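Take a look at the structure below.
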Amino acid sequence: MLDKTFAPAEAEARLYKTWEESGAFAADPTSDATPFTVMIPPPNVTGSLHMGHALTFTVQDSLIRYRRMTGRDALWQPGTDHAGIATQMVVERLLATEGKTRKEMGREAFLDRVWQWKGESGGNITRQLRRLGASLDWPRERFTMDAGLTRAVRRIFVMLHAKGLIYRDRRLVNWDPKFQSAISDLEVESKEMDGSLWHLRYPIAGQDGRFITVATTRPETLPGDVAVAVNPEDERYQDLIGKFAILPLVGRLIPIVADEHSDPTKGTGAVKITPAHDFNDFAVGQRHSLPMPSILDRQAAFTLTEIADELRAVPGVAEPSFLQALAGEDRFKLRAAIVAELERLDLLDKVEKHRNQVPHGDRSGVPIEPLLTTQWFCDAATLAKPAVEAVEQGRTVFVPKQWENTFFAWMRDIEPWCISRQLWWGHRIPAWYGPDGVVFVAEDEAGAAAQALAHYGEAQPLAQDDDVLDTWFSSGLWPFSTLGWPDQTPELPRYYPTDVLVTAHDIIFFWVARMMMMGLFAMDDVPFKTIYIHGLVRDERGQKMSKSKGNVIDPLELIDQYGTDALRFTICALTGPGRDVKLGPAVVESYRSFVTKLWNAARFLEMNEVKPVADFDPASVKLPLSRWILDTANTAIAEATTAFESYRLDDYASAGYRFTWNSFCDWFIEFAKPVFAQGDTPEAAEVRAVAAHVLGIILKLLHPAMPYVTEVLWGEFGFGAEGTLIKANWPEAVAVPEAAAARAELDWVVGLITEVRAVRSEMRVAPSVLAPILLKDASAEELGRAARWIDPIRRMGRASEVSPLAGEVPKGSAQAILGSVTIAIPLADLIDLSAERARLEKERAKALDEAQKVRSKLSNESFVARAKPEVVQENRDRLAAFEAEAARLEAALIRLG
RNA sequence: GGGCGCAUAGCUCAGCGGUAGAGCACCACCUUGACACGGUGGGGGUCACAGGUUCAAUCCCUGUUGCGCCCA
């Protein structure tokens, strides 16, 4: 016997274990079934489950469970990525509490410590995914730092290098002074800040008393200036182009150059050029073959190393000792000191308030410093071409399609990808340097040594590159490295290309772009056929969830409170295409009601001895009720299936919800109650068998979204052992004999009950008062229906009797119109005649109003001539129906007196 | 500045060339044989604005306004 209420916590723990231990989540490479593969976009190993994860993994799990039920060999590949910077940060913070630092420990000891941490805490998110009910193939779990995946990384690196698609270069990179590492463009976020625009006066060489005033937001980079640029069209500065300015504080002469980069409408129209510390200036420097001295070091502190020889004393403009004294100062102190000194020298013209975009490291939170360093780069532009083509040709399809524009925009304009990171935790770059700096790229040291031997003619000591690769480099290989590549495993051709990647649009540049490039390069085929982009999670008010706003909702708390099924169903119901998901406890609570509703319906059926009938054949049922609910179930199956096929989880959820609640519970069960009460009649036996069959369909339909409660009921009713619903077949529609007739009959009965209820409710007749229902002008067929459904009509329509009305409608009856039938409910002493009159008049007005609308449409000659004939006919029918209804209401009013 | 998206009931959102929908919230009634996490009924909308196409526009097109996001 089912408990009074469903207890999610207990069921969830038990069932997940059952599924996992029975191998229900496992893919089977040896099966004949068509594979269906979803690669989990691996969460950071440092991560813990947040609502965004809950959303994306619920979607993925629902898709996987659906496909598994349709008979596909489903592989949902789990794992985590090693999250270079994030993990190194976590462990360094841990070390700090012990009073240790990474540098003291040394690289090897530190890495041992990271692995130790990973062993202890790295499984956090994968444990939490289990609580979501995620049916991942756990024995296949991978980690981007696994030996196999590491081998894949090295192999790809060597392959790309051999083709010239990986190379070393000295370029400006986004440098994070806190981590002291390069980071990618995507890890930089612009923040609008209150800053200043300093107007600095640079003396013109040889023209005493003349200055050119440059406007800058970064006065501290002045020692690295190599030119002043003005727009070639700017008339104010024509005579200065080609002349030299004296760089204040430094004393060096710098040319005044003409360059489009300078915008005459901004500031003074003259800008200082510091190629080593600004991306735009770098480009100007290249165009004009300017030197590129760096004046900030890796900690973003002032260094004179590259400009020491150029300091010159110029009276009133530059005094070498000033800058020399500032060596080692950080960039913020440097700025203050330089501005103060310029002011003292009367070289500061003015300071304006200025809002500007300042790049910040998204993890460190500190301003990024463009820095000129030698790094490893990947030729993303070349790799992006086949990826763009694949999407253009439809070999990979975005759902919804519009996201391909975002993808194209990024991929067609992609910059060289800086793949080296000055970290310790990650895949160390497989490059070794000889004593003279010659580089040997190989999968291992032995390979490099062999190359070195060939190059030098004798053994030479080699030193491996200290840097590691960007985490995304290894994540980009995930769709094939997890399947064993570069080994030719049975899994590789079977599960690659994968079927669908599920993610949010903010990851298109990361996941999608990287995996497409790497997949096409290594496998010569796309990594996924479909990319399903869902919305982002927001709070109930539509705000982005963030720790600083304090509006973060912990999915595990929602699960504790309402159960996993309620959370999952809510997510499915709200995940429309191209819409963000606004989620809070209230909406989860309301969908928990649905879980409870299903539970209670099942409990009622159980109490009425409904159980699955082994050889039940839906095509053999005789009763209209049976035929009707089976037919309605067919529709629900079709809707749910179509919704899944088009990634419309909201439609899927609503189809399941409506069928279960509004068809099965609201009408079928209510109609079945009197039948059940008959005891052991053949009719009761049929309705019980049908009830069980349809409950089975419901459990199957809802299982992808609500795996636990459906699985419990599946077991309780004996559809199969508990834990086997996950492997059950997705329901299919079966032909129902004479479905149309059953639909017509049930629709009529439902209509009758609804009309009666509405009239009684509006007339404020208490449900405890039973009254006769009299049918005027009913056909023989309709009277037959009324007779067959007498019990439910009595029960649900609070009727003492239902009978045909031969003569006049009794005085004081409430009346309603159902098609050609006038329903009369004699309530002489109970109703307020004026209220009844008002009600009927309102109804009549509504009918007349509708009729008039249709009539005017039909009187439009162009409409009749040009509209589709069936539309015209439809409107003629509607007009007739409204007119008839109005006439019957009119008659009812007259009878009322 | 460029691009994308959104604007429909109090709220959250479906929808779609011809009849405007759901859930929640609201109001009224109801402990009717599972379910008050329930049942029944009800109120509530110039479908942002202005043009255009069409026999017909909430839907298609153009523009405007407002909001959101991404990129520079």
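Please read these numbers as outputs of a predicted model, since none were measured by experiment. By convention in this document, chain letters (A, B, ...) are assigned in the order of the sequence lines, proteins followed by strands, and residues within each chain are numbered from 1.
The closest donor-acceptor contact from the side chain of Arg568(A) to the backbone of Ala705(A) lies under 3.5 Å. Not one N or O on the side chain of Ser813(A) forms a donor-acceptor pair closer than 3.5 Å with the backbone of Gln815(A). Checking side-chain atoms of Arg760(A) against main-chain N and O of Val769(A) turns up a donor-acceptor pair under 3.5 Å. Checked by atom type and distance alone, the side chain of Glu187(A) pairs as donor or acceptor with a backbone atom of Ser184(A) at under 3.5 Å. Between the side chain of Asn875(A) and the backbone N or O of Val871(A), at least one donor-acceptor pair lies under 3.5 Å. Side-chain atoms of Glu12(A) come within 3.5 Å of backbone N or O of Thr564(A) as a donor-acceptor pair. Listed for the Asp651(A) side chain is no donor-acceptor partner under 3.5 Å among the backbone atoms of Ala643(A). Judged by distance alone, with hydrogens and angles left aside, the side-chain atoms of Ser761(A) form no donor-acceptor pair with the main-chain N or O of Arg757(A) at under 3.5 Å.
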### Summary
Per-nucleotide protein contact along nucleotides 15-21 of chain B, 5' to 3', at a 4.0 Å heavy-atom cut-off (B base, S sugar-phosphate only, - neither), is S--BB--

### Summary of protein contacts for nucleotides 41-46 of chain B, nucleotide by nucleotide, where a base hit scores B, a sugar-phosphate-only hit scores S (4.0 Å, heavy atoms)
SSS---

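The side chain to side chain donor-acceptor pair (under 3.5 Å) search around Asp263(A) returns Thr265(A), not counting sequence neighbours. With sequence neighbours excluded, no residue forms a salt bridge (charged side-chain N to carboxylate O under 4.0 Å, His left out) with Glu762(A).
When the P atom of G3(B) is taken as reference, atom CD of Glu404(A) falls 17 Å away, rounded to whole Å. Following rounding to the nearest Å, Phe594(A) (CZ) and G38(B) (P) show an atom-to-atom distance of 12 Å. The CZ-P distance, from Phe676(A) to G33(B), rounds to 17 Å in whole Å. Summarising the geometry, the separation between CZ on Arg764(A) and P on U40(B) is reported as 18 Å, rounded to the nearest angstrom. Look at CD1 on Ile571(A): it is 16 Å from P on C13(B), rounded to the nearest Å. For Arg794(A) and G33(B), the CZ to P distance is 17 Å, given to the nearest whole Å. Between Met796(A) atom CE and G33(B) atom C1' the separation is 13 Å, expressed in whole Å. The interatomic distance linking Asp3(A) (CG) with A34(B) (C1') rounds to 14 Å, in whole Å.
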All N/O pairs under 3.5 Å across the protein-nucleotides 22-26 of chain B interface:
none

Considering only nitrogen or oxygen atoms on both sides, find all protein atoms under 3.5 Å from nucleotides 5-10 of chain B and state each distance.
from	atom 1	to	atom 2	distance (Å)
C6(B)	O3'	Arg579(A)	NH2	3.2
A7(B)	OP1	Arg579(A)	NH2	3.4

Contacts under 3.5 Å, N or O only, protein and nucleotides 30-32 of chain B:
none

Check: protein-nucleotides 67-72 of chain B nitrogen or oxygen pairs below 3.5 Å:
none

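Across C37(B), C35(B), C13(B), the shortest atom-to-atom separation from the side chain of Lys582(A) is found for C13(B).
Taking atom C1' in both A36(B) and C29(B), one finds a spacing of 14 Å when rounded to whole Å. Look at the C1' atom in both G17(B) and A56(B): the space between them is 8 Å, to the nearest Å. For the P atoms, the distance from G43(B) to G10(B) is 15 Å, rounded to whole Å. Comparing G18(B) with C13(B), their C1' atoms sit 24 Å apart, to the nearest whole Å. Distance check on atom P: U12(B) versus G51(B) gives 29 Å, rounded to whole Å. Across the C1' atoms, G21(B) and A9(B) are found 10 Å apart, a figure rounded to whole Å. With both ends at atom C1', the span from A48(B) to C6(B) equals 11 Å, rounded to whole Å.
Within the 4.0 angstrom heavy-atom criterion, only backbone atoms of the sugar-phosphate kind lie near Arg603(A); the bases stay farther away. Heavy atoms of Ala677(A) sit under 4.0 angstrom from at least one base atom. As judged by a 4.0 angstrom heavy-atom cut-off over every strand, Glu670(A) is placed among the base-contacting residues.
One finds no salt bridge joining Glu885(A) and Arg888(A) here, because no Lys/Arg side-chain nitrogen approaches an Asp/Glu carboxylate oxygen to under 4.0 Å. Using a 4.0 Å cut-off between a side-chain N of Lys or Arg and a carboxylate O of Asp or Glu, Glu836(A) and Arg839(A) qualify as a salt bridge. Ion pairing between a basic and an acidic side chain is recognised when a charged N comes within 4.0 Å of a carboxylate O; Glu392(A) and Arg412(A) show such pairing. Residues Asp791(A) and Arg794(A) are paired through a salt bridge, judged by an N-O separation under 4.0 Å between the basic side chain and the carboxylate.
Screening residues 672-681 of chain A for side chain to side chain donor-acceptor pair (under 3.5 Å), with sequence neighbours left out, gives Glu670(A)-Lys673(A), Gln678(A)-Thr681(A). Pairs passing the side chain to side chain donor-acceptor pair (under 3.5 Å) check and including a residue from residues 401-410 of chain A, sequence neighbours excluded, read Lys401(A)-Glu404(A).
If Phe604(A) and Ser593(A) are placed on RNA chain B by their nearest nucleotide, the residue sitting closer to the 5' end is Phe604(A).
Side-chain nitrogen and oxygen atoms of Lys597(A) include none within less than 4.0 Å of the OP1 or OP2 phosphate oxygen of G38(B).
Here the CH2-CD1 distance, from Trp748(A) to Ile753(A), works out to 9.5 Å after rounding to the nearest 0.5 Å. Interatomic distance, Tyr562(A) OH to Tyr591(A) OH, rounded to the nearest 0.5 Å: 14.5 Å.
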### Task
Represent RNA chain B in dot-bracket notation, 5' to 3'. Only Watson-Crick or G-U wobble pairs with both distances under 3.5 Å count; pseudoknot-style crossings use [ ] and interstrand partners use |.
(((((((..((((....[..)))).(((((.......))))).....(((((..]....)))))))))))).

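Nearest approach of Leu558(A) to Leu583(A), heavy atoms of both residues: CD1-CD2, 4.1 Å.
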Ignoring hydrogens and angles, write down the donor-acceptor pairs under 3.5 Å from the side chains of residues 592-599 of chain A, residues two or more places apart or on other chains.
from	atom 1	to	atom 2	distance (Å)
Ser593(A)	OG	Ser590(A)	O	3.2
Thr596(A)	OG1	Arg592(A)	O	3.1
Trp599(A)	NE1	Asp3(A)	O	3.0

### Task
Before giving the answer on salt bridge (Lys or Arg N to Asp or Glu O under 4.0 Å), spell out for Asp259(A) and Arg287(A) the whole-Å C-alpha distance, their side-chain angles and the decisive distance to 0.1 Å.
CA-CA 9 Å; Asp259(A) 195 284; Arg287(A) 284 199 284 274; 2.9 Å; yes

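With respect to Tyr532(A), the ring-ring contact (aromatic ring centres under 6.0 Å, His included) criterion is satisfied by exactly one of Phe644(A), Tyr647(A), Phe398(A): Tyr647(A).
Ring planes of Phe664(A) and Phe668(A): parallel class, angle under 30° (limits at 30 and 60°).
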